Amino acid sequence: MTTERILIVGAGGQIGSVLTDALRQNYGNDHVIASDMRDLGAQAGPTEVLNALDGNALDHLVQKWKITQIYHLAAILSATGEKDPMWAWNINMSSLFNVLETARNRNIRKVYYPSSIAVFGESADRDLTPQTEVLIPATVYGISKVAGENWAHYYFHRYGLDVRSLRYPGIIGYQSMPGGGTTDYAVDIYHYAVRKEAYTCFLSENTRLPMLYMDDAIRATLELMDAPAEKLTVRTSYNLAGMSFTPAEIAASIQKVLPGFQISYAPDFRQAIADSWPGAIDDSAARADWGWAPRYDLDAMTHDMLSHLHP
Ligand code: SER
């Protein structure tokens, strides 16, 4: 029987909701406390309403549930962040500081904090961005993740807090919807396809971005968190890759299964964000340190998505 008690902050989000289920499978329903600023309703395990900007409330929950690990998934993503940069900065950084300070003060064993491909900017190598790249992001979301990675690194070296992090690419899954990101089209497109509706993409047809299937993203997260601490050489955030494709290529993958599917393109402000990001990233440090390997390519993902989604 595990003694771990895990708090998920942002458990109502695209990744947090799926991660909650996966952690409950592994640790038992009552060992995983799902928190979000919205009421999560009845679930298989405990839930709490938590505004991550309220450090006292977070501290209270950690004591109440005798928490040993925190997964901090709450954030304002790239596209939404550009609408109000100071608001996004405040939410992303204040919530992280609350998690790091509570973790330090309450002797939390491990913290998970996701970073993103958004840390890279136009100065980065776009074809296979290395782990140690110059980080000059184009979005406030990216700036907050660069800062957050460095704070994770700082808390590890200064206080010995075991913070672990992955630079997620765009995450695609049937279980949940993304919100406010630049890679969201790659989830939306499948929902249109199963409804037999044409899709208008907000990125141009040849915009290549790194992406990852949800199953792989969850497995990567659990594998990183289970890895022996001494194996981890990266204490900012690991590059994590799965596949890379363009809107035209995902449409072609869908058309192999649904030949009538149609796509058109109407790029909006998110095009500039996508253009500042790499097309593919080099995750050899993750592979070497903790054995990362993705399982899904584009067509395997398409088959799985289309078999789970219903009109
Ligand atoms: N999916 C995220 C976004 O588009 C990238 O981290 O903002």
Side-chain angles (χ1 to χ4, degrees), residues 10 12-19 71-85 87-89 91-93 95-96 112-122 124 126 129 133 135-149 152 165-191 201-204 207-214 216-218 220-221 236-247 250 267-281 283 286 294 301 305:
Q14 184 202 10
I15 300 169
S17 57
V18 189
L19 195 56
Y71 286 65
H72 176 36
L73 279 301
I76 304 297
L77 295 195
S78 60
T80 306
E82 290 313 287
K83 293 180 180 160
D84 192 341
W87 167 79
W89 171 260
I91 289 177
N92 289 358
M93 298 315 296
S95 61
L96 175 61
Y112 179 72
Y113 169 67
S115 184
S116 162
I117 54 165
V119 296
F120 303 117
E122 272 157 22
R126 347 205 71 207
T129 315
E133 179 57 282
L135 304 178
I136 309 178
T139 60
V140 67
Y141 171 65
I143 299 172
S144 74
K145 289 299 185 186
V146 173
E149 290 186 2
S165 179
L166 298 172
R167 289 174 179 154
Y168 287 137
I171 307 293
I172 298 148
Y174 60 85
Q175 302 95 328
S176 54
M177 295 303 286
T182 301
T183 57
D184 296 10
Y185 89 85
V187 179
D188 291 342
I189 194 170
Y190 287 109
H191 289 263
C201 185
F202 58 75
L203 298 181
S204 64
T207 308
R208 182 173 304 280
L209 289 172
M211 301 278 186
L212 186 66
Y213 197 42
M214 181 68 82
D216 276 339
I218 298 299
T221 307
T236 50
S237 187
Y238 279 96
N239 279 11
L240 186 73
M243 62 188 97
S244 285
F245 57 76
T246 65
I250 191 175
D268 66 13
F269 73 101
R270 289 169 280 195
Q271 184 67 45
I273 299 174
D275 287 344
S276 76
W277 290 351
I281 62 174
D283 62 358
M301 174 173 81
M305 286 293 286

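Starting from 1, each residue takes its place in the sequence as its number. Just follow the structure's listing: the first ligand is 1, and inside any ligand the first atom is 1. Predicted, not measured: the structure shown is a model, and the values here were computed from it.
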Per-residue contact class, Ala118 against ligand 1 - non-hydrogen pairs under 4.0 Å: neither
Nearest-neighbour protein heavy atom for atom 1 (N) of ligand 1, which is reported as residue plus atom name and distance: Thr183 OG1, 2.7 Å
Those atoms of ligand 1 less than 4.0 Å from some heavy atom in Ser78: 3 (C), 4 (O), 7 (O)
Sole residue of Met243, Met305, Met214, Gln14 in side-chain contact (heavy atoms from CB on, under 4.5 Å) with Ile172: Met305
Glu82 versus Pro85, closest heavy-atom pair with distance: O-CD, 3.8 Å
Tyr168-ligand 1 polar pair, N/O distance under 3.5 Å: no
Nearest-0.5 Å distance that lies between atom OG1 in Thr236 and atom NZ in Lys145: 13.0 Å
Contact atoms of ligand 1, heavy-atom distance to Ser116 under 4.0 Å: 5 (C), 6 (O)
Contact check: Asp184 vs ligand 1, nitrogen or oxygen atoms, below 3.5 angstrom: no
Atom indices of ligand 1, in the order listed, that fall short of 4.0 Å to a heavy atom of Thr182: 3 (C), 4 (O), 7 (O)
Atom indices of ligand 1 within 4.0 angstrom of Trp277 heavy atoms, with elements: 3 (C), 4 (O), 5 (C), 7 (O)
Exam field: side chain Ser78 to backbone Thr182, donor-acceptor pair closer than 3.5 Å: yes
Enumerated ligand 1 atoms positioned under 4.0 Å from heavy atoms of Leu77: 7 (O)
Donor + acceptor pair across side chains of Ser115, Glu149 (<3.5 Å): yes
Donor-acceptor side-chain pairing of Thr221 and Tyr168 below 3.5 angstrom: yes
Atom of Ala147, atom of Met93 and distance for their closest heavy-atom approach: CB-CE, 3.8 Å
